[in-house]
Amino acid sequence: MTSSTQRPPRGNRGDLFDAQCPTRRLLDRIGTKWMSMAVKVLAEASPEEVRFAELQRRMTGVSQKMLSVTLQGMTRDGLVGRRVEPSVPPRVYYRLTPLGLSLEGPLAAVRAWAEEHMAEIDLANQQSRQHATDD
């Protein structure tokens, strides 16, 4: 390998093979369907807050535990703000922070790409399965 074809030193930008690559670290955090659904629901409500129960209702199929884990991670990463209203039972509200709101654009682009290309991917999968059974 010449110096021009070698991978950059560990920790450099753009080296997806390095666990410290910023892109890889971000994809590890936001690469779940629940995370992107939560961002979408909260972005649509922004700047208003959304209660936990409403988030769960809007995110079809998410369990209470998975939603809780997702929101805890988003809060820890500074993407979501959390407010607890002292009542019985406590009411918990969430909203995107400016950092979290800035993530909506890139995720919207991924959703648009999926809507445009998933039929092609589904067709390729169907053809692959068909070829596998023909062999």
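The analysis underlying the following values was restricted to heavy atoms, covering all of them including side chains, and did not include hydrogens, waters or symmetry mates. As the structure is a prediction and not an experimental result, all values here were calculated from the model.
Heavy-atom minimum distance, Y94 versus L55: CD1-CD1, 4.0 Å. Of all heavy-atom pairs between V84 and P90, the closest is CG1-CB, 4.0 Å. Shown here for Q20 and R25, the closest heavy-atom pair between the two residues is O-CD, 3.5 Å. Shortest non-hydrogen contact noted between D15 and C21 is O-CB, 3.0 Å.
Side-chain contact between M74 and V39 is present, with heavy atoms from C-beta onward closer than 4.5 Å. When side chains are defined from C-beta on, E48 does not count as touching R95, because their heavy atoms never get closer than 4.5 Å. Here the side chains of M37 and T70 are not in contact, with every heavy-atom distance at 4.5 Å or above. Under the 4.5 Å side-chain criterion, counting only non-hydrogen atoms from C-beta, S68 is in contact with Q72. The side-chain heavy atoms of S102 and L99, taken from C-beta on, include a pair separated by under 4.5 Å. Counting heavy atoms from C-beta on, the side chains of L96 and V80 come closer than 4.5 Å.
With hydrogens and angles disregarded, a donor-acceptor distance shorter than 3.5 Å links the side chain of T75 to the backbone of L71. Of the possible donor and acceptor atoms, one in the side chain of R24 sits under 3.5 Å from a partner among the backbone N and O of L16.
Within the model, atoms CD1 of I30 and CG of D77 stand 10.0 Å from one another, a figure rounded to the nearest 0.5 Å. With rounding to the nearest 0.5 Å, the separation of CD in E49 from CZ in R82 is 11.5 Å. Rounding to the nearest 0.5 Å gives a distance of 12.5 Å between CD of E104 and CG of L79. Here the CE-CE distance, from M35 to M66, works out to 10.5 Å after rounding to the nearest 0.5 Å. Distance check, rounded to the nearest 0.5 Å: CG of L27 to OG1 of T32 gives 11.5 Å. Residue H131 holds its NE2 atom at 7.5 Å from CG of D134, rounded to the nearest 0.5 Å.
Under the 4.5 Å side-chain heavy-atom criterion for Ile, Leu, Val, Met, Phe, Trp and Tyr, L101 and V110 are members of distinct hydrophobic clusters. Cluster annotation: W34 is connected to V50 through the hydrophobic network of ILVMFWY side chains, with a link wherever side-chain heavy atoms come within less than 4.5 Å.
Taking a cutoff of 4.0 Å between a charged side-chain nitrogen and a carboxylate oxygen, E115 and R111 do not qualify as a salt bridge.
Partners of R91 by side-chain hydrogen bond (donor to acceptor under 3.5 Å, both in side chains), not counting sequence neighbours, listed by chain and number: E85.
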